[in-house]
Colleague: 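Sharing a structure below in structure tokens format, with a few things to ask.
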Amino acid sequence: DAGITQSPRHKVTETGTPVTLRCHQTENHRYMYWYRQDPGHGLRLIHYSYGVKDTDKGEVSDGYSVSRSKTEDFLLTLESATSSQTSVYFCAISESFKWGARSSYEQYFGPGTRLTVT
Amino acid sequence: AQKVTQAQTEISVVEKEDVTLDCVYETRDTTYYLFWYKQPPSGELVFLIRRNSFDEQNEISGRYSWNFQKSTSSFNFTITASQVVDSAVYFCALSDQGGKLIFGQGTELSVKP
């Protein structure tokens with residue numbers, strides 16, 4: 001199993017408060033991703049990173065920011081949490097996204113963080 | 001735009017039945033990857049298979065098999081002789097050229113003893 005941890009695993013917070021979720025990997029993989037999972041939507045990409053200090057927006061990035069100051073850590077911040085951000089958040093990592101039969105392209109996921117905004 | 005559709009929201013079968021989970025995708029890319037992930041009741045996401053767009057060979061792994069057909073843009077997943085432990089939500093996903101995954105909505109499979 002890929003070494004990916006997420007913290008906290010569960011959090012309840014109030015509307016308007018800032019929240020930071022942490023993803024930590026021990027695999028030294030270059031690429032890291034944040035997804036949210038909601039009923040009826042599967043998983044949707046929030047932000048991703050292709051290296052230290054290199055990040056980009058995903059499909060549902062509004063209201064979220066990210067930072068990656070070290071290879072092993074990828075932080076997701078909700079500057080002012082809203083009830084619509086109640087969700088399960090998953091971090092994922094991948095070694096490569098180079099096309100080619102020999103590239104390790106799969107994304108491996110962390111255990112998830114269940115966030116409730118009241 | 002890229003899209004993955006899993007039309008079956010829920011499937012219920014009795015143990016030892018065969019079951020097929022459907023996945024239809026849309027993409028304009030000529031090179032892409034398709035994936036299946038399993039999410040058991042414990043909540044983690046488990047990688048099952050990757051298939052690239054150049055390889056249409058079907059794959060079998062134990063009781064699991066995958067049928068990739070570019071002509072119909074489908075990547076279906078069959079479980080033979082289902083077991084209670086197969087109960088989970090199964091996600092089909094498509095990768096774009098930047099490595100980002102586009103997921104289907106998921107199919108919840110319930111295998112009853």
Side-chain angles (χ1 to χ4, degrees), chain A residues 1-6 9-10 23 27 29-51 54-61 87-115, chain B residues 1-10 21-25 27 29-57 59 61 66 68 88-108:
Chain A
D1 289 343
I4 313 168
T5 57
Q6 293 183 231
R9 294 293 313 279
H10 301 271
C23 176
E27 304 297 318
H29 283 2
R30 179 178 175 184
Y31 302 94
M32 299 186 75
Y33 311 82
W34 276 107
Y35 293 87
R36 60 178 288 175
Q37 182 179 14
D38 303 290
H41 291 279
L43 282 84
R44 293 177 293 174
L45 182 67
I46 305 171
H47 281 281
Y48 64 103
S49 170
Y50 40 96
D54 289 326
T55 64
D56 207 346
K57 296 178 179 180
E59 177 187 358
V60 290
S61 60
S87 187
V88 179
Y89 291 85
F90 285 96
C91 172
I93 66 173
S94 67
E95 184 177 19
S96 168
F97 75 90
K98 291 180 181 178
W99 298 105
R102 296 183 182 179
S103 296
S104 175
Y105 197 93
E106 299 84 68
Q107 291 185 23
Y108 293 95
F109 287 79
T113 294
R114 184 172 295 276
L115 176 66
Chain B
Q2 297 181 310
K3 186 179 179 181
V4 175
T5 302
Q6 294 178 255
Q8 305 149 309
T9 305
E10 297 178 5
L21 310 181
D22 297 332
C23 174
V24 174
Y25 63 92
T27 181
D29 293 338
T30 55
T31 302
Y32 52 89
Y33 283 120
L34 294 162
F35 302 81
W36 276 95
Y37 285 85
K38 174 182 179 180
Q39 187 175 42
S42 52
E44 72 272 24
L45 282 154
V46 179
F47 165 76
L48 295 179
I49 190 172
R50 171 190 71 175
R51 173 64 67 206
N52 73 53
S53 54
F54 298 136
D55 183 2
E56 289 194 66
Q57 281 191 332
E59 182 156 341
S61 176
W66 291 269
F68 176 34
V89 179
Y90 291 87
F91 291 98
C92 180
L94 166 72
S95 68
D96 70 4
Q97 292 189 30
K100 302 181 292 294
L101 291 178
I102 296 96
F103 283 83
Q105 303 93 320
T107 296
E108 183 173 3

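Labels below follow one simple rule: chain letters A, B, ... track the order of the sequence lines, proteins then strands, and each chain is numbered from 1.
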Colleague: Distance-only, no hydrogens or angles: does the Gln105(B) side chain make a donor-acceptor pair with backbone N or O of His41(A) under 3.5 Å?
Modeller: no
Colleague: Quick one: what part of Glu59(A) sits under 4.5 Å from any heavy atom of chain B, side chain, backbone, both or neither?
Modeller: neither
Colleague: Under 4.5 Å heavy-atom distance to chain A, tell me which part of Tyr37(B) shows up: side chain, backbone, both or neither.
Modeller: side chain
Colleague: Regarding Ser94(A) and Gln107(A), is there a side-chain donor-to-acceptor distance under 3.5 Å anywhere?
Modeller: no
Colleague: If only side-chain N and O atoms count, and only distance matters, is there a donor-acceptor pair under 3.5 Å linking Gln37(A) with Gln39(B)?
Modeller: yes
Colleague: Would one find more than 12 heavy atoms of other residues, nucleotides or ligands at under 6.0 Å from atom CZ of Arg51(B)?
Modeller: yes
Colleague: Where does Leu45(A) contact chain B at under 4.5 Å (heavy atoms): side chain, backbone, both or neither?
Modeller: side chain
